[in-house]
Amino acid sequence: MEEEKKFVGGWGKGNKMGERRPEDICWKERWVDVGSAVRLLDLSAMSQMQRSFSIDLPSLRLPSRRETHLWYILPDEVKSTSLLKRYSQLLSQTEKDRVDQMRGDELKKNALLARTLVRTTIARYQTNEAVDPRSLMFKKNMYGKPELDWQNCNVQPLHFNISHTDSLIACGVTVHVPVGIDVEDKERKIKHDVLTFAKRFYSADEVNCLATILDPEAQRKEFIKLWTLKEAYVKALGKGFSAAPFNTFTIQSNPGGYNLCKTSEITANPLEETKKCNGGWKFALLELADSHYAAVCTEDDQADEGAPMRVIVRKTIPFVEDQLILKEYFCN
Amino acid sequence: MASLSATSLSFKAPSIQSTRISQVLRKPSSFQSISFGGFQSSKSLRLQISCAAKPETVQKVSDIVKEQLALSADTALTAESKFSALGADSLDTVEIVMALEEKFNISVEESDAQNITTIQEAADLIEDLVQKKPAA
């Protein structure tokens, strides 16, 4: 039976309880650095966790190269109608219209939280002066991927990507390279048989890998992990699903981490299909809130090829609090 | 999905009859090709020459969507209902497509699968593929 690891491929472990970053003078945090084998937080540690409160949006240090900042909101923790009203005031008219289009209060709320998370998070990374989240403008690349229109609003060029489920909304932020993220509920049930689904959509190597997992539950979990990793890659690539159909690339699971292998058919003979596994992309797979898998994919800068990706995860309720969850390195 | 919605052109009446008319009116919008799924010029061409899907097809698609998204039986779905507005993510969309393939005994290209955003689009695609199948 496969032992469930909390974080895959991490190194740079070590307990760093109570460390404060020098630049966070007003922003008091305590956090626990979690190694890959250690369970995240027992209840007593949780009660000692000092949360940070702020009236406005405290500014943030930009992600460094090779760093992805991953932010998430748990909709169940946001109940205050006055807070939700405050959030809705941040949205553009187009965004408000899209929220209204959602069918049902829960979906409307989550759509609102998603846009709020994007606007408030990006606004906090602006180093020159405080930026009003309402003033941020967004555009789409030629394939439809949402991007920050940074030139038109005089802000730092950042890359971001959102993903959400019913119970968690996440946003990844990077500086130098495009990022893609995907989150899925760990317990998500697939209506079809997992292998049938995989044979239809995944690559042959991935199907073979899944087929070796005999326990149906473990197989389902692996399927979901692969889904998030593949989605994260396609979203990082930013060219739409047609540019990278799921069966044309393999996410390879190694002891150290995950790798991308692109299948290219050089000749008409399928036996000569070759795989390029030096990727050009970095992956991280983590668990959030004990309930979700989250995959992060960033493009490899040529200078950084082979270097690990650092991920900093924070849970947030905009205008209320942040909670630093982890800082971890993910190898390829 | 960034596809241009032509609801400003179509009638808002809920009946399928007016939907069919609005589908015809919607023909000039080849802007549908500029969506997150990449250029779909062949797809919009297909919409131009085929008629809108039969009401029964739309109904069958609605039933499958309701089941996949676990919507209550009395959720009102129209042909224009967008999957994303109903809370479907990409995994749901793919599962819906697989269910449609099984139900209608067709095979959907992955690029088409990922680009279905409404019940109408799913129904149109199905009828198109059913039509193209060689006679049994």
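If you're wondering where the values come from, they're calculated on a predicted model, not measured in any experiment. Lettering follows sequence order; numbering is per chain, from 1.
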Ranking A:Lys108, A:Glu231, A:His192 by heavy-atom pairs under 4.5 Å to chain B gives rank one to A:His192
Select one option (side chain, backbone, both, neither) describing which atoms of A:Glu184 are under 4.5 Å from chain B's heavy atoms.
side chain
Would you say A:Asp105 has more than 12 foreign heavy atoms packed within less than 6.0 Å of its CG?
no
Presence of salt bridge, A:Arg200 and B:Glu101, under 4.0 angstrom
yes
Between B:Leu91 and chain A, which part of the residue has a heavy atom less than 4.5 Å away: side chain, backbone, both or neither?
both
Shortest non-hydrogen contact between A:Phe201 and B:Met98, atoms and distance:
CE1-CG, 3.6 Å
Around atom CD of B:Glu109, are there more than 12 heavy atoms of other residues, nucleotides or ligands at under 6.0 Å?
no
What are the two closest non-hydrogen atoms of A:Arg103 and B:Ser81, and how far apart are they?
NH1-OG, 3.8 Å
Partner chain A: residue of B:Ser90, B:Gly87, B:Ala99 with the largest heavy-atom pair count (under 4.5 Å)
B:Ser90
B:Glu102, part contacting chain A, at a heavy-atom distance under 4.5 Å
side chain
Measuring heavy-atom distances to chain A, does B:Ala76 have an atom under 4.5 Å in its side chain, in its backbone, in both, or in neither?
both
Is A:Lys189 close to chain B through its backbone or its side chain, or both, or neither, when contacts mean heavy atoms under 4.5 Å?
backbone
For A:Asn110, is it the side chain, the backbone, both or neither that has a heavy atom under 4.5 Å from a heavy atom of chain B?
neither
B:Glu95 side chain to A:Ile190 main-chain N or O, any donor-acceptor pair under 3.5 Å?
no
Would you check, one step at a time, whether the test side chain to side chain contact (heavy atoms under 4.5 Å, CB included) holds for B:Asp92 with A:Arg188?
CA-CA 11 Å; B:Asp92 286 312; A:Arg188 184 185 186 135; 2.8 Å; yes
Atom NZ of A:Lys139 with >12 non-hydrogen neighbours under 6.0 angstrom
yes
